[in-house]
Each structure stands twice: as C-alpha cells, then as structure tokens.
Number of protein chains: 4
Amino acid sequence: MKLATADGRSRRAEQKRSERREAILSAAERIFSQHGYHAASISDVIDAAGISRGTFYIYFDSKDALFLQLIERFIGLMTDALVVVDPKKPEPARRILENVQRVVDVAFDHPDLTMMVLRESRGLNADVDAKLDRLYGFLREMVEGALVNGAKSGLTRRVNEAVVATALIGAFKEAFLHQLVTERTRSPDRQTLASSLFEFGIRGLLVSG
Amino acid sequence: MKLATADGRSRRAEQKRSERREAILSAAERIFSQHGYHAASISDVIDAAGISRGTFYIYFDSKDALFLQLIERFIGLMTDALVVVDPKKPEPARRILENVQRVVDVAFDHPDLTMMVLRESRGLNADVDAKLDRLYGFLREMVEGALVNGAKSGLTRRVNEAVVATALIGAFKEAFLHQLVTERTRSPDRQTLASSLFEFGIRGLLVSG
Amino acid sequence: MKLATADGRSRRAEQKRSERREAILSAAERIFSQHGYHAASISDVIDAAGISRGTFYIYFDSKDALFLQLIERFIGLMTDALVVVDPKKPEPARRILENVQRVVDVAFDHPDLTMMVLRESRGLNADVDAKLDRLYGFLREMVEGALVNGAKSGLTRRVNEAVVATALIGAFKEAFLHQLVTERTRSPDRQTLASSLFEFGIRGLLVSG
Amino acid sequence: MKLATADGRSRRAEQKRSERREAILSAAERIFSQHGYHAASISDVIDAAGISRGTFYIYFDSKDALFLQLIERFIGLMTDALVVVDPKKPEPARRILENVQRVVDVAFDHPDLTMMVLRESRGLNADVDAKLDRLYGFLREMVEGALVNGAKSGLTRRVNEAVVATALIGAFKEAFLHQLVTERTRSPDRQTLASSLFEFGIRGLLVSG
DNA sequence: GATGAATGAGGATTCATTCAT
DNA sequence: CATGAATGAATCCTCATTCAT
C-alpha cells in the first residue's frame with residue numbers, strides 16, 4: 001500500500017520533474033537561438049521558463065551543461081533522421097533524397113534548436129566541441145562514403161570526396177540558417193528546399209544529368 | 001631644416017603608430033579567431049599585442065570598434081577578390097574559377113581573420129550585422145546572377161537560384177572552416193581546394209559534364 | 001497553513017530586504033556627504049554597508065540611481081516640513097517660524113543627507129538636476145509669495161522679491177552647511193539656530209522692528 | 001651685448017610663458033565652472049587651451065594644483081574687493097554698500113571663476129579646503145565684526161552675530177549662483193543686485209529703517 | 001524540492017600623470 | 001621647451017553560481 005502510494009507520488013513527482021526540465025530546455029532553445037550562447041544569460045532562461053534562479057541549478061549543473069544537453073538533443077534528432085544508404089540496395093538516390101527530406105524536417109520542426117547549433121560553432125566548451133566534432137565527423141564520413149560508393153558504381157563523377165563532403169554539409173547548414181533567419185513568407189517550403197538541395201547536391205554530381 | 005626634421009619625426013611617429021595599430025589588429029585577429037568575440041577579453045588582446053590597457057583605447061574606441069575594423073578588413077579582402085563575371089565576355093567559367101582561386105587565397109593568406117568571421121555569425125553588434133548582411137547579400141546576388149545567366153545561355157541547368165546561391169556560399173564557408181581547423185598536413189593545398197570546390201559547385205551544374 | 005507560513009516567511013524576507021536597502025542608503029548618505037558624489041566610489045559604499053559588490057546592484061540600478069534616491073528622500077523631508085502660509089489666517093509670522101523650525105529639524109536630524117545635498121550642486125545627473133531645480137523652484141516661489149503677501153498686507157517692507165527669496169534660501173543653506181561642518185560643541189543648538197535665522201530673515205524685513 | 005640679447009630673448013620667453021599659463025587658467029576656469037572639478041578632465045582643459053598634454057604639466061604640477069591656483073585667484077579678487085569698515089570713520093553704511101558693489105562686480109566680471117568656486121565646496125583637496133576655510137573665516141569675521149560694531153554703536157539690532165554672518169555670506173553666494181545660472185535677460189543687472197542685497201542684508205538689520 | 005538573496009571574480013572603459021623624442 | 005604616445009590603477013557594472021530558509 002505504502003509503496004503503491006509512494007510509487008504514485010513519485011511517479012507524479014517524476015513527471016513534474018520531467019516537465020520542468022523540458023520547459024527549461026524549451027525556453028533555453030529559444031533564448032540561445034535568439035541571443036547566442038554568451039549573450040544569453042541564465043536570467044533570460046529562467047525568466048522565459050518561469051522558474052527561479054535556484055531551481056535552474058537543481059535541473060542543470062551549469063549553463064554549459066544546459067547547452068550541451070541541447071546540443072545532444074540536436075545531434076540525436078539528426079542522427080535519427082539519417083539512414084546510412086546501402087549501395088547494394090535498390091534506388092540509392094531515393095534513399096538519399098529521403099535522408100535530405102528528413103534532415104530538412106528537423107530544421108523546420110526545430111527551428112530554434114537548429115539555429116542555435118548553426119549560430120555558434122566551435123570553442124564554447126570542450127564537451128560541446130567533442131560532440132559536434134563527432135556529429136560532423138559522422139556526417140562527413142556518411143557523405144564521403146556515399147560519394148565513394150557512387151563513384152565506384154559509376155553513378156557519380158569522381159571528386160575530391162573529403163572536400164565535397166564538407167562542402168555539402170556547409171551547403172545544408174547555410175541553406176537552413178538562411179531559411180530560419182529569413183521571414184517565412186519569402187522563403188521556400190520544406191518540400192522545395194529539400195528537392196532544391198537534393199538537385200543541387202546530388203544531381204549535379206551524377207554522371208548523366 | 002626645422003620643418004624637415006619635424007616632418008621626419010612625425011613621419012616616423014606616424015609609421016610607429018600605424019605599426020602598433022597593425023600589431024593590435026593582428027593580435028586581435030588571432031585572439032578572436034581562437035576564442036570568439038565574447039570569450040575573448042581586451043586583456044587577452046593587449047597581452048597578445050604586448051601593450052598596456054590604456055594604450056589599446058588610444059587606438060580603438062571599444063572592443064566593438066576593434067571587431068568591426070577586422071570585419072571590414074575581411075569584407076574588403078573578399079570584395080577585392082571577386083570580379084563580377086560578364087556572361088558576354090569569353091570563357092565565363094574560367095573567370096569564375098579565378099574568383100574561386102582568389103577567394104581561397106584570402107582564406108589561406110588570412111586564416112585567423114577568416115576563421116574569426118566564420119565562427120561568429122550575426123548578433124554581436126548592429127554595425128557588424130549590417131556589414132555582414134551587405135557582404136552576404138552581395139555574394140548571394142553575385143552567385144544568383146551567375147546562375148541565372150548560366151541558365152539563360154544554356155550553359156547550366158535550371159535550379160532554384162536563391163537556394164543554390166545560399167548553398168554554394170555555405171559550401172565555401174564550411175570548406176574554409178574545416179580547412180582552417182584541420183592541421184595543415186592532412187588538408188588539401190589551396191590549388192586542390194580551389195579546383196575541388198569549383199568542380200563541385202560549377203561543373204555539377206553544367207548541362208553536359 | 002501553508003499560506004500563513006509562506007506569508008510569514010515572505011514578510012520576514014521583505015523586512016530584511018527593506019532593512020538592507022535602508023542600510024545601504026544610510027551608508028551612502030554618510031559616504032556621499034563625506035567625499036562628494038564623484039570621489040565616493042561604490043566600493044566605499046559597499047564597504048560601509050558591509051555588503052558585497054553584487055548585492056549593491058540588487059538593490060540599486062546604478063550609482064546614479066542611489067544618489068537620486070537620496071536626493072528624493074531629502075526633497076521629501078523638506079517638502080513635508082514646509083507648510084504654505086496663508087496670509088489670511090492669523091499669526092502668519094508664527095507659521096513661518098514653525099516652518100523654519102521644522103526645516104532646521106530636518107538639517108539636525110539628517111545631517112549627512114543635508115550635507116550631501118548642500119555639497120553637490122548641479123551637473124551630476126540630469127534627473128537629479130531636474131529634481132533639485134523643482135525643489136528650489138518651489139522654495140523660491142514659496143518665499144517670494146510670502147514676501148509679496150507680506151508687502152501687500154503692509155507687514156513687510158518692499159524688496160526685490162526674487163533676489164531676496166534666493167538670498168534667504170542661500171542664508172539657510174550656508175547656515176546649515178556651516179553648522180554641520182563645525183563641531184557640535186562650538187555651534188548653536190537647533191532652537192537658537194532657528195530663532196536666529198528667523199530673526200535675521202523675517203524680523204529684518206518687518207516694517208516696524 | 002650678448003647679455004642684452006639673452007635678456008631680450010628670455011624676456012620674450014618669459015612673456016610667452018606667462019601668456020600660456022594665463023591661457024590655461026582661463027580655459028580651466030571655463031571648463032571647471034561648466035563641468036565641475038571631477039567631471040572636468042585634463043583633456044578638456046588642454047583642448048580648450050589649445051596646448052598639448054605634456055605642456056600642461058610643464059605649467060602645473062597636477063590637476064589639483066591648477067584648481068588651487070584658480071581658487072587663489074578668486075580669493076585674491078575677493079580679498080581685494082573688501083575693505084574693512086572702520087566704525088569710527090564717517091558713513092559706515094556707505095562703506096559697506098561699496099563693499100557689496102565691489103563683490104558683485106567680481107561675480108559679474110569673473111562669472112566662470114565665481115561659479116566654479118560656488119559649485120564645488122569642500123572636500124576636493126586639503127589645500128583647497130584650507131584656503132577656502134581661511135577665506136570664509138575672514139569673511140565671517142569681517143561681517144561679524146561689522147555686526148558687533150553696529151550693535152555697539154546702536155546702529156543695528158542685536159542678533160546672533162555668528163549665525164547671521166554665516167547666513168549673510170550664504171545669501172550672497174546663492175544670489176550669485178542663481179544669477180550666473182539664469183540667463184542674463186531674466187536676471188537683474190549688477191546695480192540692482194547690489195542694492196537689493198544691501199537693502200535685504202543691511203537695512204533689515206538697522207534699528208530704524 | 002523550490003526559492004531568491006548574496007556573492008565576487010572578471011569585464012570594459014577612463015584618466016591623471018610620465019617620459020622619450 | 002613642447003609634444004603626445006604610453007601607462008596602469010581605479011571605476012562602474014554583470015552574471016554564473018551558491019546556500020540558508
């Protein structure tokens with residue numbers, strides 16, 4: 001009985017905890033994306049989240065830890081969105097387009113988080129740097145692999161895979177950043193953006209247009 | 001005689017002034033590129049420049065003014081490097097390659113300055129924002145114009161010019177950033193980088209490979 | 001119950017806040033009166049108040065805001081002390097004497113605050129200037145009105161009211177300043193000061209001694 | 001011959017020195033009266049005087065020394081303006097009026113200097129304090145003496161001489177300050193001011209108007 | 001757990017004064 | 001003598017973090 005009660009209580013408590021945590025993260029996403037890491041203060045975040053100063057430090061160890069958490073969230077979303085394309089399976093180009101579409105979805109569904117990540121790059125914190133390095137390393141290897149496979153199978157032209165992989169990542173980053181900064185009305189919808197990027201990035205590399 | 005002496009003296013003084021100013025700018029370039037605008041303190045800059053606290057403020061009005069100066073320097077270098085390509089003149093692709101080579105040269109010749117600009121994006125200061133907006137606007141229009149002209153003359157495929165222009169700029173930014181972060185030995189030389197970027201960006205868009 | 005506790009807690013907190021604020025104001029009164037606005041540093045104030053650097057800025061927005069607060073306090077005390085004398089009511093001279101006594105009381109009861117105000121005059125801060133201008137304007141008008149009324153009713157001699165009003169205010173200011181600077185033992189008590197000033201300022205102006 | 005030349009040269013040099021010194025003092029008068037001691041910077045003074053930073057320190061040891069110099073100048077002017085009134089000589093009241101007129105002349109002829117002295121009072125510097133204390137002590141004694149003599153000879157009423165002397169000084173100070181702050185057009189001319197102050201200060205104290 | 005007052009290291013900037021030229 | 005670049009102590013203020021209630 002007691003246990004059950006305790007369980008129920010703790011479950012409710014657990015949920016409230018989790019909701020609060022989420023509220024802070026969500027507020028921080030907005031604040032960081034608007035002002036950038038340094039210009040955003042903990043005061044901004046707690047005001048936006050509607051909590052007190054002390055409470056923040058119950059949920060997060062530090063400003064850095066909060067930021068890292070958001071970075072990890074973004075990395076998770078991106079990692080989930082991307083499926084490594086097996087060149088032996090049919091229609092690899094279609095798989096790649098689907099990847100592009102899912103990545104564009106992440107940017108459109110989480111504009112603040114995406115902007116936050118794209119605004120600040122390296123140098124804020126060693127942990128963040130390491131995580132982002134791993135993400136970008138993963139992305140580069142993925143793209144590079146696709147390029148190598150494409151060339152092997154005669155689908156794509158030979159290029160400097162390392163450079164082109166990096167360039168492609170940059171192309172997406174800038175497209176997203178510009179998309180998120182520009183007012184909605186004057187910028188393409190997600191479908192157009194995805195296909196335009198795919199066209200540009202992939203079609204251009206095909207041996208035969 | 002007196003005038004000559006005075007002239008000589010003031011000329012020497014003028015030169016020393018200008019050297020100091022340059023020394024501060026150069027130190028700041030390094031510091032800002034390493035730590036980013038906010039994390040870099042005036043103390044870091046004056047230590048690196050080997051001057052005293054007060055001396056800094058003789059040469060620059062504020063931290064913001066110093067940063068703006070460097071931004072302007074970068075913008076000047078980029079603007080000088082780029083020549084608008086006239087589609088009626090012969091060999092437009094070659095003119096574009098030359099632009100790419102000169103832009104790559106800027107990144108290689110001014111690695112700290114370039115990294116500084118690529119690290120921080122918008123939001124530090126209204127003046128800086130305005131200047132960068134103008135630079136990127138100029139770049140986008142330039143690339144977009146080239147794409148439109150290319151399509152008109154039947155040289156390149158039709159694409160969403162706005163998106164592709166932005167993506168191309170991002171491609172260069174990321175390539176430079178990666179280049180500057182990675183150790184020299186493992187990264188391509190400027191010739192390779194330039195031609196790889198050109199190949200990727202332009203060849204891919206040609207109607208016939 | 002919960003509310004009551006919370007209430008009690010917040011009431012105590014509220015009181016402590018208010019006490020601290022008062023402690024800072026009181027320390028600042030002393031510091032400003034001793035060194036003057038410019039020569040007094042925030043460090044001096046926080047040392048005297050026994051608080052930390054940051055704490056000061058919880059209670060006051062800036063050094064200026066603190067000073068303004070004290071100025072307002074003084075203005076409030078003076079304004080409360082003075083009752084406009086209605087010439088139609090009986091014994092106007094007595095009402096004036098009572099005003100003088102109350103003003104002297106303010107100076108004796110708040111020596112630091114009074115000295116602070118008398119030391120610094122205009123030019124520290126636009127807000128302060130405006131407030132003081134209004135105070136002195138009010139004082140001048142009050143005295144001038146009394147002089148005009150006195151002359152009308154034939155009680156006092158005709159004088160240049162504007163000049164004499166200003167002069168009378170200066171007479172009080174200097175008397176207070178001198179009083180507060182001189183050691184207690186060698187200076188008159190408040191009763192003597194009040195009646196001497198009254199005698200000088202008012203009796204002298206009466207038509208018949 | 002040589003000596004004569006040297007003499008001529010040094011005399012000219014001496015004169016130039018003295019002119020420069022005067023230019024600095026004159027500029028400082030203006031600057032100090034406008035901004036007050038603390039808010040006025042050496043930069044302001046040298047800009048107004050049209051000299052270089054280093055030159056200033058050839059002519060004055062420090063900012064304090066400059067200010068002290070001006071204070072001394074003011075004290076000299078005031079001291080010269082005032083003639084101790086011998087009660088045995090005829091027409092003492094007229095001698096007093098002449099004193100008042102000469103003091104008013106000092107204020108009108110040296111508005112910046114006068115305002116400078118009246119704005120800042122004590123606490124800037126020990127030397128300045130001492131000099132001003134001596135001046136005010138002299139003034140108080142002079143007025144007090146006159147009051148005592150006046151009472152002795154039956155000319156004036158008996159008052160608290162110490163308080164009234166201080167009050168009279170304050171009356172003049174405030175009248176001057178107000179005069180110098182207010183625009184010329186709306187304020188009395190020197191004749192009116194002098195007679196109004198005399199009327200107020202002295203006539204009021206006479207046994208028979 | 002929640003609160004918010006308190007802390008103090010650190011940051012940008014100013015300015016009187018010095019001194020090599 | 002004149003100059004003005006250089007100095008660095010001192011000032012105001014911010015903000016991430018702690019901790020008693």
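Each chain gets a letter, A, B and so on, in the order its sequence line appears, and its residues count up from 1.
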Check: Near DNA chain E, which residues from residues 37-49 of chain D have a heavy atom under 4.0 Å away?
Finding: D:Ala40, D:Ser41, D:Ile42
Which nucleotide in [options] has an atom nearest any side-chain atom of [X]:
| X | options | result |
| --- | --- | --- |
| B:Arg17 | F:dA5, E:dA5, E:dT7 | F:dA5 |
| A:Thr55 | E:dG10, E:dT7, E:dT3 | E:dT3 |
| C:Ser52 | F:dT17, F:dT3, E:dT7 | E:dT7 |

Rounded off to whole Å, could you give me the [atom1]-to-[atom2] distance for the [X] and [N] pair?
| X | N | atom1 | atom2 | value |
| --- | --- | --- | --- | --- |
| B:Phe56 | F:dA5 | CZ | P | 16 Å |
| A:Lys63 | E:dG10 | NZ | C1' | 14 Å |
| B:Arg53 | E:dG10 | CZ | P | 13 Å |
| C:Lys16 | E:dA6 | NZ | P | 6 Å |
| B:Glu14 | F:dG4 | CD | P | 12 Å |
| C:Arg21 | E:dG4 | CZ | C1' | 17 Å |
| D:Phe60 | E:dT18 | CZ | P | 16 Å |
| A:His35 | F:dA16 | NE2 | P | 13 Å |

Margin query: Under 4.0 Å, counting only non-hydrogen atoms across every strand here, what does D:Tyr59 touch: a base, just sugar-phosphate, or nothing?
Written below: sugar-phosphate
Item checked: A:Arg12/A:Glu19 salt bridge by N-O under 4.0 Å criterion -> no
Next item on the list: Check the pair A:Ile46, A:Thr55 against side-chain contact (heavy atoms from CB on, under 4.5 Å), reporting the backbone distance first and the verdict last.
Entry: CA-CA 9 Å; A:Ile46 65 176; A:Thr55 302; over 6 Å; no
Note to self: Checking D:Glu29 against D:Arg119 for the salt bridge (charged side-chain N to carboxylate O under 4.0 Å, His left out) test, could you report, in this order, the C-alpha distance in whole Å, the side-chain angles of both residues, the deciding distance, and whether it holds?
What the structure shows: CA-CA 12 Å; D:Glu29 229 172 75; D:Arg119 273 186 66 132; over 6 Å; no
Check: Do any N or O atoms from the side chain of C:Asp129 and from the backbone of C:Gly123 form a donor-acceptor pair under 3.5 angstrom?
Finding: yes
Checklist line | Partners passing ring-ring contact (aromatic ring centres under 6.0 Å, His included) against A:His110 (at least two apart in sequence or in another chain) | finding: none
Item checked: No-hydrogen, no-angle side-chain donor-acceptor test under 3.5 Å, C:Ser43 and C:Arg53 -> yes
Item checked: Duplex segments of DNA chain F, taken as runs of at least three Watson-Crick or G-U pairs that stay under 3.5 Å -> E:2-21 with F:2-21
Next item on the list: Dump the intermediate steps for side-chain contact (heavy atoms from CB on, under 4.5 Å) on C:Arg20 and C:Lys16, then the final yes or no.
Entry: CA-CA 6 Å; C:Arg20 265 235 156 146; C:Lys16 221 185 156 193; 5.7 Å; no
Checklist line | Ring geometry between D:Phe67 and D:Tyr37 (parallel below 30°, tilted from 30 to 60°, perpendicular above 60°) | finding: perpendicular
Margin query: Please tell me if B:Tyr57 has a side-chain N or O lying less than 4.0 Å from either OP1 or OP2 of E:dT14.
Written below: no
Notebook entry, point to check: For E:dA5, does either OP1 or OP2 sit under 4.0 Å from a side-chain N or O belonging to C:Arg20?
Noted result: no
Checklist line | Intermediate values then yes/no, side-chain contact (heavy atoms from CB on, under 4.5 Å), B:Phe32 and B:Leu66 | finding: CA-CA 10 Å; B:Phe32 281 139; B:Leu66 170 65; 3.9 Å; yes
